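Encoded as structure tokens, the structure appears first; notes follow it.
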Protein chains: 2
Amino acid sequence: MSLRNALFALLVVEPMTGYDLHKQFESSVGHVWHAPDSQIYPELKRMESEGLLEGEEIPWGPRGRKRQYHVTEAGKAAFRNWMNTPLEYARTRDPAHLKAAYLEWADPDAAREQLRAHIEHHTGLLGQWREKVREIEDGSSAMLNRRLANTPKADREKTSAYKIYTYEGLMSQAEAEIAWARRGLKLIDRLNG
Amino acid sequence: MSLRNALFALLVVEPMTGYDLHKQFESSVGHVWHAPDSQIYPELKRMESEGLLEGEEIPWGPRGRKRQYHVTEAGKAAFRNWMNTPLEYARTRDPAHLKAAYLEWADPDAAREQLRAHIEHHTGLLGQWREKVREIEDGSSAMLNRRLANTPKADREKTSAYKIYTYEGLMSQAEAEIAWARRGLKLIDRLNG
DNA sequence: CACCACTAACTATGTCGATAGGTAGTTTTG
DNA sequence: CAAAACTACCTATCGACATAGTTAGTGGTG
């Protein structure tokens with residue numbers, strides 16, 4: 001269900017092809033919901049068959065064709081409805097914490113290496129997200145600018161604010177992971193003193 | 001792969017039946033890796049067919065039978081190997097943050113309600129984990145005690161420490177989510193004057 | 001004009017996981 | 001002692017996801 005709504009979130013801004021969407025899933029929305037193109041194309045077809053999207057064949061070069069989708073009123077209603085419906089929380093499935101719980105089975109050096117990798121991974125994400133917030137704040141985010149151009153004036157502040165708010169949340173998560181892994185490195189030292 | 005190793009983590013302590021394991025997945029290991037019994041039984045068969053576990057039919061009451069699995073040397077090696085191998089990080093799939101990014105599409109009241117639910121959800125988890133840490137610290141955790149009894153003296157401290165460390169990590173995550181949702185409530189108030 | 005990267009849109013296969021059942025025996029309790 | 005709850009072990013189906021590969025046209029570069 002989330003994939004569908006991630007697609008809506010992009011398509012309410014402007015019509016796009018499956019390929020356009022697939023590219024967005026490598027940047028903007030892809031930071032909170034990943035999906036490969038092999039999932040996107042069939043989902044678009046399903047959404048069209050349910051009347052939530054409408055596709056239009058448009059020419060591309062002399063012989064090429066592509067299919068551009070736009071959201072129908074029913075689609076917008078479905079998206080708004082999802083936005084207003086509380087989430088159901090899935091139970092945890094967290095490989096990093098699963099491993100941490102049984103770290104006595106790992107070699108201390110391998111354990112250290114993995115915690116360092118954990119720190120590196122989340123430090124990388126943190127940097128990416130800081131950059132994203134910067135882009136939003138100085139108005140250099142192309143996708144957000146197109147979105148703002150399609151948003152009534154009164155809602156523009158909200159639109160930007162919620163994007164920043166989301167990245168700030170991801171940043172808090174990353175910071176928590178980094179701090180936890182650092183404590184882990186100290187713990188390993190203490191236990192293998 | 002994580003399910004398999006979560007099963008190893010439990011079975012290295014003592015032999016268990018699929019049903020025993022299924023119950024553990026509702027408490028201990030289930031806090032970091034959830035799995036329904038419909039996944040556990042087939043996985044046990046697969047692991048046995050690969051020589052990582054050995055199953056033994058044991059009687060249960062006058063006519064009943066149950067199948068108890070224990071880890072083979074090959075199984076222990078596979079588990080240790082997994083513990084020493086760095087994780088591959090999967091890309092993000094986070095419905096709560098996906099929604100947050102497009103919160104301008106929700107009614108402010110529905111948005112508030114969802115953030116409050118987010119706080120409640122993570123507050124509940126936080127309480128559970130605090131309780132778990134307390135149990136470990138005062139030695140009233142049955143599963144951990146069985147695990148410690150099967151652990152060489154020198155490793156007992158590690159075993160407890162890593163369990164606590166894991167729950168502390170989960171607690172940091174929950175605290176970050178709660179703080180973030182609280183900031184979100186303030187943001188909604190600010191944006192909707 | 002050959003080449004190559006890119007755009008565009010799939011398909012195919014396999015595993016993972018959610019959900020919902022079913023069957024049979026055992027133990028507890030009212 | 002019958003009913004209810006629990007133990008034990010499955011199966012079946014469906015959607016979600018990962019991974020890999022295919023086909024075809026476009027547009028720019030050397």
Side-chain angles (χ1 to χ4, degrees), chain A residues 1-7 10-11 15-27 29-30 32-50 53 55-69 82 87-95 98, chain B residues 1-7 10-11 15-27 29-30 32-50 53 55-69 82 87-95 98:
Chain A
M1 231 19 22
S2 288
L3 170 59
R4 168 167 301 202
N5 289 288
L7 292 170
L10 294 170
L11 287 170
M16 287 193 207
T17 66
Y19 188 73
D20 293 334
L21 289 160
H22 145 73
K23 275 185 303 176
Q24 291 298 316
F25 271 82
E26 283 167 3
S27 54
V29 78
V32 285
W33 197 268
H34 165 71
D37 62 341
S38 63
Q39 242 189 305
I40 293 170
Y41 286 109
E43 183 64 21
L44 289 171
K45 282 190 178 175
R46 233 171 290 138
M47 290 164 85
E48 187 175 15
S49 80
E50 292 174 35
L53 299 181
E56 191 191 349
E57 288 283 329
I58 60 173
W60 165 57
R63 266 174 311 167
R65 330 218 88 237
K66 56 183 181 177
R67 193 165 184 83
Q68 200 174 53
Y69 291 93
W82 179 74
L87 270 181
E88 279 172 38
Y89 288 87
R91 270 179 288 177
T92 316
R93 233 178 228 120
D94 184 334
L98 170 59
Chain B
M1 231 22 17
S2 288
L3 170 59
R4 167 166 301 200
N5 290 289
L7 293 169
L10 294 170
L11 287 170
M16 289 192 204
T17 67
Y19 189 74
D20 293 334
L21 288 159
H22 144 75
K23 275 186 301 176
Q24 291 299 315
F25 271 82
E26 282 166 5
S27 54
V29 78
V32 286
W33 198 266
H34 165 72
D37 63 340
S38 62
Q39 244 189 303
I40 292 170
Y41 287 108
E43 184 64 23
L44 289 171
K45 282 192 178 173
R46 233 170 291 139
M47 288 165 84
E48 187 175 14
S49 80
E50 293 174 33
L53 299 182
E56 191 190 352
E57 287 284 325
I58 59 174
W60 164 58
R63 264 175 309 165
R65 332 217 87 237
K66 57 181 181 178
R67 192 164 185 83
Q68 201 174 54
Y69 293 93
W82 179 74
L87 270 182
E88 278 171 40
Y89 287 87
R91 270 180 288 178
T92 318
R93 233 177 229 120
D94 184 334
L98 170 60

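Every chain is numbered from 1 and lettered A, B, ... according to where its sequence line falls, protein lines coming before strand lines. Owing to the predicted nature of the structure, the values given are computational and were not obtained by experimental measurement.
Atom CZ of B/R65 and atom P of D/dA8 are 13 Å apart (whole Å). One interatomic measurement links the two molecules: CH2 of B/W60 to P of D/dC9, which rounds to 8 Å at whole-angstrom precision. The CG atom of A/L7 sits 12 Å away from the P atom of D/dC17 (whole-angstrom rounding). Nucleotide D/dG25 holds its C1' atom 12 Å from the NZ atom of A/K66, rounded to whole Å.
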Checklist entry - So B/L7 and B/L53, side-chain contact (heavy atoms from CB on, under 4.5 Å) or not? Walk me through it. => result CA-CA 10 Å; B/L7 293 169; B/L53 299 182; over 6 Å; no
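Heavy atoms only, all atoms of each residue included: A/V29 and A/A6 are closest at CG2-CB, 4.0 Å. Of all the heavy atoms in B/Q24 and B/L10, the pair that sits closest is CB-CD1, 3.6 Å. The two residues B/W33 and A/D94 have their closest heavy-atom pair at CE3-N, 3.5 Å. Nearest heavy-atom pair across B/W82 and B/S2 is CZ2-OG, 4.3 Å. Summarising the geometry of A/P59 relative to A/R65, their closest heavy-atom pair is CB-NH2, 4.1 Å, with the distance given to 0.1 Å. The shortest non-hydrogen separation linking A/L87 to B/P95 is CD2-CB, 3.8 Å.
Each of B/K45, B/E43, B/E50 was checked for a side-chain contact (heavy atoms from CB on, under 4.5 Å) with B/M47, and the lone residue meeting it is B/E43.
Residue B/Y69 is the one, among A/L3 and B/Y69, whose nearest nucleotide of DNA chain D lies closer to the 5' end (criterion: closest heavy atom).
Within 6.0 Å of CD on A/E57 lie more than 12 heavy atoms contributed by other residues, nucleotides or ligands.
Within a heavy-atom distance below 4.0 Å of DNA chain C, the residues of residues 32-43 of chain A found are A/D37, A/S38, A/Y41. Shown for residues 18-26 of chain A: residues whose heavy atoms fall under 4.0 angstrom of DNA chain C, namely A/G18, A/Y19, A/D20.
In this model, the phosphate group of D/dT7 is not approached by any side-chain N or O of B/R63 to a distance below 4.0 Å at OP1 or OP2.
Applying the side-chain contact (heavy atoms from CB on, under 4.5 Å) test to B/H34 and every residue at least two apart in sequence or in another chain returns A/R91, A/R93, B/P36. Every residue meeting the ring-ring contact (aromatic ring centres under 6.0 Å, His included) condition with B/Y19, not counting sequence neighbours, appears here in chain and number order: B/H22.
For the atom pair CD (A/E26) and CG (A/D37), the distance works out to 8.5 Å, reported to the nearest 0.5 Å. Separation of atoms CZ (A/R67) and OG1 (A/T17) is listed at 11.5 Å; rounding is to 0.5 Å. Between the CG atom in B/L11 and the CZ atom in B/R4 there is a gap of 12.0 Å [rounded to 0.5 Å].
In this structure, B/M16 reaches neither bases nor backbone, as no heavy-atom distance under 4.0 Å exists between it and the strands shown. At a threshold of 4.0 angstrom between heavy atoms, the contacts of B/R46 are confined to the sugar-phosphate backbone, with no base atom among them.
Between the two ends of the helix from C/dC1-D/dG30 to C/dG30-D/dC1, each summarised by a five-pair axis, the helix axis turns through 20° (rounded to 10 degrees).
With a heavy-atom cut-off of 4.0 Å to chain A, the contacted part of DNA chain C has its first and last nucleotide at C/dT7 to C/dA18.
Of the candidates D/dA18, D/dT26, D/dC9, D/dA18 carries the atom nearest the B/R93 side chain, counting heavy atoms from C-beta on.
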